[in-house]
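A quick note: this is a predicted structure, and the numbers were derived from the prediction, not measured.
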There are 2 protein chains.
Amino acid sequence: MDDLDVQDDSRKFKRESAEFRREALILATLNLIAVMGVRGATVREIAARANVTQGLIRHYFSSKEELVQAAYEHHMNTLTDQTAASSGMGNAVSRLTNFVDASLRPPIVDPSAVALWASFLNKVQHDPKMQRIHQQTYNYFRDHLEKLIVAALQETGRSVAASEATQLAIACNAVIDGLWLEGGALPDAFSEGQLAQIGLNSVSAIVGIPLTKEVEQP
Amino acid sequence: MDDLDVQDDSRKFKRESAEFRREALILATLNLIAVMGVRGATVREIAARANVTQGLIRHYFSSKEELVQAAYEHHMNTLTDQTAASSGMGNAVSRLTNFVDASLRPPIVDPSAVALWASFLNKVQHDPKMQRIHQQTYNYFRDHLEKLIVAALQETGRSVAASEATQLAIACNAVIDGLWLEGGALPDAFSEGQLAQIGLNSVSAIVGIPLTKEVEQP
DNA sequence: CTCGCAATTATGCAAGTGTATAATAACTTC
DNA sequence: GAAGTTATTATACACTTGCATAATTGCGAG
């Protein structure tokens, strides 16, 4: 008599697509790095968490180094995709508002995300390939912010020199990064929405445009 | 015939004071953690860098864990001491100015310092003792900043509610942290003094007080 | 159905890890 | 200057690490 489902198959393992396995390994790696750091995420534990044996890692990645790089790229892409998605529509001021707001709420603000970022920093500072990914992400984020700022200023009838716009973007980026960091490092130190509120106030002050997020159900 | 100095002593080692050895071990630990991360800083390499053999570590610290905690405490104390020293004199506005300025220049802004901070973050999030040290440092820094802000506002004839002052301190702290982070993570992305300048502009905007650092040789 | 390929597991190894214990030798004290 | 204390070194051990290689086995092609 069979079991009710396919859970207990007589097969010793299942052949999955390369994409599936790579993603599973990368996610397992990220989970472990967030808790244990890069060096603490051992190939054995990564394999266990991805429900495979350790030998399989070498089948998809030529070394642990390569797996870590892939995981870093994945993490950064996830972060940027999530934030960029929040500033898609509306006028320039509200796009900027939404961008700042989304950057300072879950899932962007998250202890694991900050822990991951911190764990990777060592590698970033020494491995050129990691450095490239880092630069790329940072520039993408800051350029996006700069465009939003310029558009918002233009919309409110002001205009700024390019160099000044960059300075503003750096400053706003720093506030966001700093709040993001503190929200992730000290999760219980801030109430819900507090970081976003402080972020909006600060960006408003720096750029000189009042940014207010409408509260739902007025 | 003797050598000219005591360099090549026949003694196999020298007995140093406990303080000397503890400090040497802690500094060696910090150096290594900045480059390799906590897990990469092995007891053997730490000992080698402190010019002792590895057994001695266990003589001064009951475990590597304890050494790492001591190193973290040392690092954080160094950072806070260095910044606090910069806001000792002058009127309230210039004390605030100097504090922000000093926080965004070497030796506070420094790739190694940021790398260290990042390396410790994992441990901070999981080890209660490390967490205590972290909270303590963060609160100390932020309270200091808040006092400076309140004093500066008072000096310019304004006053704020306590809760609002805290919000301002959080925001300014975030700008400083964010700029500190980026300056350390991307050392070549900013010119000398640029971070400090942006920081002063941002804090000025947030708090609503113009802060200007006098340039020497006017 | 079975054959062959490659995805997956199983096993092994050399180097590195923290820690424990024993042996040595530098300095203090009388 | 001899003896005792203890800072320091030397050695050993059990365990983990990443990686390599061989042995399986699922699964599609013919």
Side-chain angles (χ1 to χ4, degrees), chain A residues 6-29 32-33 35-72 119 122-123 126-127 130, chain B residues 6-29 32-33 35-72 119 122-123 126-127 130:
Chain A
V6 293
Q7 180 111 7
D8 197 294
D9 204 314
S10 63
R11 287 176 305 181
K12 292 213 166 151
F13 58 87
K14 188 171 169 225
R15 289 167 88 110
E16 300 280 2
S17 73
E19 205 175 319
F20 177 90
R21 280 276 133 89
R22 280 182 64 93
E23 170 120 1
L25 286 171
I26 285 176
L27 292 181
T29 304
L32 281 170
I33 288 181
V35 179
M36 316 278 289
V38 174
R39 214 134 169 162
T42 67
V43 291
R44 283 168 178 80
E45 286 200 61
I46 291 171
R49 186 167 294 224
N51 287 115
V52 295
T53 53
Q54 58 156 323
L56 197 61
I57 290 182
R58 285 270 302 162
H59 193 263
Y60 286 102
F61 301 91
S62 72
S63 68
K64 181 188 170 183
E65 191 77 7
E66 194 184 301
L67 170 56
V68 169
Q69 284 169 359
Y72 182 56
S119 295
N122 278 331
K123 293 252 164 201
H126 296 95
D127 180 352
M130 301 279 282
Chain B
V6 291
Q7 179 110 10
D8 197 294
D9 204 313
S10 62
R11 286 177 305 179
K12 292 212 166 152
F13 58 86
K14 191 172 168 222
R15 288 166 89 113
E16 300 281 1
S17 73
E19 206 174 318
F20 177 89
R21 281 275 132 91
R22 281 183 63 93
E23 171 120 1
L25 285 171
I26 286 177
L27 291 182
T29 303
L32 281 170
I33 288 181
V35 179
M36 318 277 289
V38 173
R39 213 132 170 164
T42 68
V43 291
R44 281 168 179 79
E45 287 199 61
I46 291 171
R49 186 167 294 225
N51 287 115
V52 295
T53 52
Q54 56 156 326
L56 198 60
I57 290 182
R58 288 270 303 164
H59 194 262
Y60 286 103
F61 301 92
S62 72
S63 68
K64 181 187 171 183
E65 190 77 8
E66 194 184 301
L67 170 56
V68 169
Q69 284 168 359
Y72 182 56
S119 296
N122 279 331
K123 294 251 164 201
H126 296 95
D127 182 350
M130 302 279 282

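Between A/Lys14 atom NZ and D/dG28 atom P the separation is 10 Å, expressed in whole Å. If you measure from atom CZ of A/Arg21 to atom P of D/dG26, you get 13 Å, rounded to the nearest angstrom. One can place CD of A/Glu65 at 14 Å from C1' of D/dC19, the figure rounded to the nearest angstrom. When the P atom of D/dT8 is taken as reference, atom CD1 of B/Ile46 falls 17 Å away, rounded to whole Å. Rounded to an integer number of Å, the gap from A/Glu16 CD to C/dA6 P is 19 Å. Rounded to an integer number of Å, the gap from B/Lys64 NZ to C/dG16 P is 15 Å. Going from atom CD of B/Glu45 over to atom C1' of C/dT17 covers 12 Å, rounded to whole Å. Distance, B/Gln54 CD to D/dC13 P: 15 Å, rounded to whole Å.
Nearest to the side-chain atoms of A/Arg44 among the listed nucleotides C/dA26, D/dG18, D/dA7 stands D/dG18. The nucleotide whose nearest atom lies closest to any side-chain atom of B/Thr53 is, among C/dC27, C/dG18, D/dT9, D/dT9.
Taking 4.0 angstrom as the limit, B/His59 places a side-chain polar atom (N or O) nearer than this to OP1 or OP2 of D/dA7. Taking 4.0 angstrom as the limit, A/Tyr60 places none of its side-chain polar atoms (N or O) nearer than this to OP1 or OP2 of C/dA7. Considering only side-chain N and O atoms, A/Arg39 lies nowhere under 4.0 angstrom from the phosphate OP1 or OP2 of D/dG18. Side-chain N/O atoms of B/Lys12 include one lying less than 4.0 angstrom from OP1 or OP2 on C/dA25.
For the side chain to side chain contact (heavy atoms under 4.5 Å, CB included) test with B/Val43, the passing option among B/Ile57, B/Leu67, B/Leu25, B/Leu56 is B/Ile57; the others fail.
Across every non-hydrogen atom of A/Lys64 and A/Val38, the tightest pair is NZ-O, 3.1 Å. The heavy-atom pair separating B/Met130 from B/Tyr72 by the smallest distance is O-CE2, 3.7 Å. Shown here for B/Ala70 and B/Phe61, the closest heavy-atom pair between the two residues is CB-CE2, 3.9 Å.
The base of D/dG18 lies outside donor-acceptor range of the side chain of A/Arg58, with no N or O pair under 3.5 Å.
In this structure, A/Gly55 and B/Gly55 both approach DNA chain C, and ranking their closest nucleotides by distance from the 5' end singles out A/Gly55. For the pair A/Ser63 and A/Arg15, nearest-nucleotide mapping onto DNA chain D gives the more 5' position to A/Ser63.
With hydrogens and angles ignored, the 3.5 Å screen pairs a side-chain donor or acceptor of B/His126 with a backbone N or O of B/Asn122.
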